[in-house]
Q: 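First the structure, which I've put down as structure tokens, then a few questions once you've had a look.
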Amino acid sequence: MYYKVALQQTEEGFSVSCPALRGCWSQGETEEEALDNIKEAIQEYLYVVDMQLKDADVREVEVAA
């Protein structure tokens with residue numbers, strides 16, 4: 001699965017967010033570290049969403065870009 005992320009250089013290194021997942025962001029001293037960190041943040045975000053929907057009646061839909 002692929003997600004678009006927004007990477008921004010800061011005084012401390014790099015800030016990175018995933019616009020498709022509201023509130024999902026991370027940072028790192030290097031671009032590589034920031035990208036590794038956002039991958040982990042996305043995985044954790046999706047895990048929490050799955051847990052919140054555990055007992056819900058859930059459907060999936062396909063959206064053409």
Side-chain angles (χ1 to χ4, degrees):
M1 186 171 267
Y2 290 89
Y3 286 92
K4 291 182 181 181
V5 297
L7 189 68
Q8 184 175 13
Q9 191 164 9
T10 67
E11 292 179 11
E12 294 84 21
F14 290 86
S15 173
V16 61
S17 64
C18 182
L21 304 174
R22 187 175 179 173
C24 186
W25 63 273
S26 193
Q27 60 187 16
E29 290 184 16
T30 65
E31 182 176 335
E32 182 180 2
E33 182 181 18
L35 291 173
D36 286 341
N37 289 344
I38 195 64
K39 289 177 188 178
E40 184 176 331
I42 290 169
Q43 290 172 334
E44 291 175 9
Y45 186 106
L46 295 175
Y47 175 79
V48 169
V49 169
D50 282 345
M51 291 299 101
Q52 291 175 338
L53 296 174
K54 186 176 179 181
D55 296 324
D57 183 16
V58 177
R59 304 285 194 271
E60 291 183 357
V61 296
E62 182 176 356
V63 178

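All heavy atoms count here, side chains included; hydrogens, waters and symmetry mates do not.
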Q: To the nearest 0.5 Å, how far apart are CZ in R22 and OG in S17?
A: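 These two atoms lie 13.0 Å from each other.
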Q: Work out which heavy atom in L7 is nearest to a heavy atom in A34; give both atom names and the distance.
A: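 Looks like CD1-CB, 4.1 Å.
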Q: When clusters are formed by joining ILVMFWY residues with side-chain heavy atoms under 4.5 Å apart, either directly or through shared neighbours, do M51 and V58 land in the same one?
A: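 No; tracing contacts between hydrophobic side chains, which count when under 4.5 Å, never links both residues.
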Q: Linking I/L/V/M/F/W/Y whenever any side-chain heavy atoms sit under 4.5 Å apart, do W25 and L35 land together?
A: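 In one cluster: no.
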Q: Determine the minimum heavy-atom distance between P19 and A6, stating which atoms define it.
A: CD-N, 4.3 Å
Q: Any chance you could lay out the side chain to side chain contact (heavy atoms under 4.5 Å, CB included) test for D36 and S26, step after step, and finish with the verdict?
A: CA-CA 9 Å; D36 286 341; S26 193; over 6 Å; no
Q: Mind listing the closest non-hydrogen atom pair of A20 and Y3 along with its distance?
A: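 Looking at all heavy atoms of both residues, the closest pair is CB-CD2, 4.3 Å.
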Q: Which atom pair, heavy atoms only, marks the closest approach of F14 to E29?
A: CD1-O, 4.0 Å
Q: What do the steps show when you test I42 against L21 for side chain to side chain contact (heavy atoms under 4.5 Å, CB included), and what is the final call?
A: CA-CA 8 Å; I42 290 169; L21 304 174; 3.9 Å; yes
Q: Establish whether V49 and M1 are linked, either directly or via other cluster members, by ILVMFWY side-chain heavy-atom contacts under 4.5 Å.
A: yes
Q: Please find the pair of heavy atoms, one from V16 and one from I38, that lie closest to each other, and give the distance.
A: CG1-CB, 3.6 Å
